[in-house]
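The next block holds one structure in the form of structure tokens; read it before the comments.
Every chain is numbered from 1 and lettered A, B, ... according to where its sequence line falls, protein lines coming before strand lines.
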Protein chains: 2
Amino acid sequence: MATGRTHRPATRSRGIPEATVARLPLYLRALTALSERSVPTVSSEELAAAAGVNSAKLRKDFSYLGSYGTRGVGYDVEYLVYQISRELGLTQDWPVVIVGIGNLGAALANYGGFASRGFRVAALIDADPAMAGKPVAGIPVQHSDDLEKIIQDNGVSIGVIATPAGAAQAVCDRLVAAGVTSILNFAPTVLTVPDGVDVRKVDLSIELQILAFHEQRKAGEEAHTDGTGPAAAVTREGADDSAPSADKGPDGDVPAVMPA
Amino acid sequence: MATGRTHRPATRSRGIPEATVARLPLYLRALTALSERSVPTVSSEELAAAAGVNSAKLRKDFSYLGSYGTRGVGYDVEYLVYQISRELGLTQDWPVVIVGIGNLGAALANYGGFASRGFRVAALIDADPAMAGKPVAGIPVQHSDDLEKIIQDNGVSIGVIATPAGAAQAVCDRLVAAGVTSILNFAPTVLTVPDGVDVRKVDLSIELQILAFHEQRKAGEEAHTDGTGPAAAVTREGADDSAPSADKGPDGDVPAVMPA
DNA sequence: TTCTGTGAAATGGTTCACAGCA
DNA sequence: TGCTGTGAACCATTTCACAGAA
């Protein structure tokens with residue numbers, strides 16, 4: 001399919017670059033910390049340091065949102081918190097469901113970061129009948145038979161998948177059919193979704209493998225380095241990838257085996 | 001770009017693009033699944049579909065590793081599994097420590113994906129004395145007083161931080177001082193590390209906020225889509241984003257607020 | 001003066017399209 | 001003939017450097 005999509009630049013809209021969107025939560029967190037300390041204003045330099053980026057990038061990012069700063073002074077913390085929150089859609093409340101209440105699902109349910117910013121765990125869902133009714137993080141687990149009803153009753157549009165890999169696609173399909181249009185996937189599988197549905201994945205094993213790559217390189221490098229500092233340090237902390245994607249995926253299970 | 005002749009062949013294979021490195025684990029997973037099904041060869045088209053990318057990207061990615069394919073045929077699955085594993089440094093065993101054995105740390109310790117691919121949980125560390133000695137995922141938790149000794153005794157170079165945000169930087173500092181050079185950070189904090197230390201972060205709350213941004217945009221968009229027709233949805237495939245939105249005048253203020 | 005906002009250049013990454021080998 | 005490997009075009013993001021507001 002898709003033998004070359006019709007490339008249409010379309011409207012010159014106020015499209016905020018994806019890379020910028022990915023950093024807004026970082027700025028927001030730093031700003032919230034400042035706000036709690038009652039700091040009234042910050043410079044791009046200070047805020048950038050707190051968020052772990054450089055100041056040019058931060059200013060460029062903010063320029064996509066508008067002109068919220070004051071030259072010679074900096075940014076008003078409270079005002080910026082509000083503007084970024086609004087831009088990210090956090091001024092409204094997002095009910096989310098977590099599917100798969102194993103170790104990870106329970107950890108997610110207990111994670112304070114969810115509730116702290118516009119997100120509310122509307123329901124916990126698991127396929128195990130023995131789990132039904134048991135409270136996790138104060139919320140009773142519901143059986144997956146009722147998934148569709150739960151989604152609709154709560155007006156849920158964001159779903160978190162924390163099931164084993166083998167169950168993820170089926171859960172995903174049901175979530176989407178029930179109206180969910182954004183999915184955060186923790187299962188190590190490529191999910192296939194229809195157009196208009198957004199998927200982001202978090203994959204522990206992939207992150208570790210990327211670290212291993214760099215680690216191995218370091219080990220090979222330390223042969224000709226004197227004491228005056230490593231030649232090519234890869235210190236990156238703000239950078240990020242995580243490209244949501246979805247395509248075909250005949251893949252179903254990933255029992256993973258060690259290649260020897 | 002007209003003047004762009006800064007093309008630096010530089011150090012040949014030393015320069016695998018970061019974006020490519022980030023996709024290698026994806027290919028590896030797809031290949032492993034094929035290998036288990038005893039599939040002998042794959043085309044770039046098939047493998048790309050299984051990994052959720054397009055074939056041109058995959059071929060380009062592989063071209064950075066070398067010429068491992070056969071024209072007119074495809075790639076030998078086993079051979080490619082080995083080559084990618086080697087490139088990622090997975091032919092050796094990486095002992096990792098997990099610091100902070102709360103809900104999340106326990107989930108990580110139990111996560112099969114760790115052990116399955118060259119990684120071995122060498123130790124679990126927590127600051128709570130009450131945890132010491134208690135087995136999690138079959139591994140006894142050790143007290144953080146012994147952190148340095150544990151790192152050194154096990155030759156650990158990769159550390160996972162799953163502590164509360166407030167403790168993360170201190171833990172990070174101790175890990176680095178003890179010799180850890182790669183860190184996977186689950187705490188919602190920006191970590192500061194010296195040159196030569198690699199940090200990757202996984203932040204649930206940030207991922208959700210990015211989803212919320214797109215979700216909000218979808219909500220504002222739905223006007224003529226009623227479920228039929230290939231209307232210009234917010235479909236994303238890799239990094240394609242071009243959703244129209246309200247524009248703003250030059251140097252003007254931002255559009256109105258949308259209270260909900 | 002200080003610090004934001006932003007064109008323009010540089011860099012990095014993706015897609016195209018096709019030469020060339022099995 | 002079929003599919004890989006890859007220069008070159010294209011697009012996105014980052015960085016530079018400085019004009020201009022407070």
Side-chain angles (χ1 to χ4, degrees), chain A residues 2-10 12 15-24 27 41-49 52-76 79-80 83 234 236 238-243 245 247, chain B residues 1-10 12-13 15-23 27 41-49 52-76 79-80 83 236-242 248 250-254:
Chain A
T3 332
R5 35 191 10 215
T6 320
H7 236 65
R8 188 171 304 260
R12 174 56 119 168
I16 298 178
E18 193 56 34
T20 295
V21 172
R23 281 187 295 267
L24 292 181
Y27 301 142
T41 60
V42 260
S43 67
S44 64
E45 201 70 52
E46 295 166 322
L47 184 53
V53 304
N54 69 53
S55 63
K57 197 185 288 185
L58 177 142
R59 290 200 302 278
K60 187 60 127 182
D61 282 343
F62 285 179
S63 80
Y64 292 117
L65 309 184
S67 291
Y68 296 147
T70 305
R71 293 174 199 231
V73 178
Y75 300 92
D76 181 275
Y79 185 58
L80 205 45
Q83 290 298 345
V234 198
R236 8 169 299 136
D240 228 286
D241 45 288
S242 325
S245 67
D247 242 308
Chain B
M1 49 172 138
T3 47
R5 59 184 323 291
T6 331
H7 257 329
R8 219 37 328 123
R12 259 196 31 255
S13 70
I16 299 179
E18 193 56 34
T20 294
V21 172
R23 281 188 295 267
Y27 302 141
T41 59
V42 260
S43 67
S44 63
E45 200 71 51
E46 295 166 324
L47 184 53
V53 304
N54 68 54
S55 63
K57 197 185 288 186
L58 177 142
R59 288 200 303 278
K60 185 62 126 182
D61 282 342
F62 285 178
S63 80
Y64 293 117
L65 308 184
S67 292
Y68 295 147
T70 306
R71 291 172 201 232
V73 178
Y75 300 92
D76 181 276
Y79 185 58
L80 204 45
Q83 290 298 344
R236 339 189 56 270
E237 186 198 322
D240 198 6
D241 193 38
S242 298
K248 66 166 170 133
D251 192 49
D253 281 340
V254 207

Below 4.0 Å: OP1/OP2 of [N] and any side-chain N or O of [X]:
{"X": "B:R59", "N": "C:dA17", "result": "no"}
{"X": "B:K60", "N": "C:dT15", "result": "no"}
{"X": "A:N54", "N": "D:dT15", "result": "yes"}
{"X": "B:S44", "N": "D:dT4", "result": "yes"}

Practice prompt. With the side chain of B:K57 defined as its heavy atoms from C-beta on, choose the nearest nucleotide among C:dT6, C:dT15, D:dT13.
Written response: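 Nearest nucleotide to the side chain: C:dT15.
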Practice prompt. From the options C:dG20, C:dT15, D:dT15, select the nucleotide whose nearest atom is closest to the side chain of B:R71.
Written response: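 Nearest to the side chain of B:R71 among the choices is C:dG20.
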[atom1] of [X] to [atom2] of [Y]: how many Å apart, nearest 0.5 Å?
{"X": "A:R23", "Y": "A:I16", "atom1": "CZ", "atom2": "CD1", "answer": "12.0 Å"}
{"X": "A:Y27", "Y": "A:L58", "atom1": "OH", "atom2": "CG", "answer": "4.5 Å"}
{"X": "A:T41", "Y": "A:E46", "atom1": "OG1", "atom2": "CD", "answer": "7.5 Å"}
{"X": "A:S43", "Y": "A:R59", "atom1": "OG", "atom2": "CZ", "answer": "9.5 Å"}

Between [N] atom [atom2] and [X] atom [atom1], what is the distance in whole Å?
{"X": "A:D61", "N": "D:dT14", "atom1": "CG", "atom2": "C1'", "value": "10 Å"}
{"X": "A:F62", "N": "C:dC3", "atom1": "CZ", "atom2": "C1'", "value": "14 Å"}
{"X": "B:E45", "N": "D:dG5", "atom1": "CD", "atom2": "P", "value": "14 Å"}
{"X": "B:L80", "N": "D:dC3", "atom1": "CG", "atom2": "C1'", "value": "15 Å"}
{"X": "A:Y64", "N": "C:dG7", "atom1": "OH", "atom2": "C1'", "value": "11 Å"}
{"X": "B:E18", "N": "D:dT14", "atom1": "CD", "atom2": "P", "value": "13 Å"}
{"X": "A:L58", "N": "C:dT4", "atom1": "CG", "atom2": "P", "value": "9 Å"}

Practice prompt. Would you classify B:Y75 as touching base, sugar-phosphate or nothing, given that sugar-phosphate means primed atoms plus P, OP1 and OP2, and contacts are heavy atoms under 4.0 Å?
Written response: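 Result for B:Y75 = sugar-phosphate.
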Worksheet item: Quick one: on DNA chain D, does B:S67 or A:T70 contact a more 5' nucleotide (nearest heavy atom)?
Response: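 The residue closer to the strand's 5' end, by nearest nucleotide, is B:S67.
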Worksheet entry | 5' precedence on DNA chain C between B:T20 and A:S43 (nearest-nucleotide basis) |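 The residue whose closest nucleotide sits nearer the 5' end is A:S43.
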Worksheet item: For the rings on A:Y68 and A:Y79, is their centre-to-centre separation under 6.0 Å?
Response: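 Close enough - the centres of the two rings lie under 6.0 Å apart.
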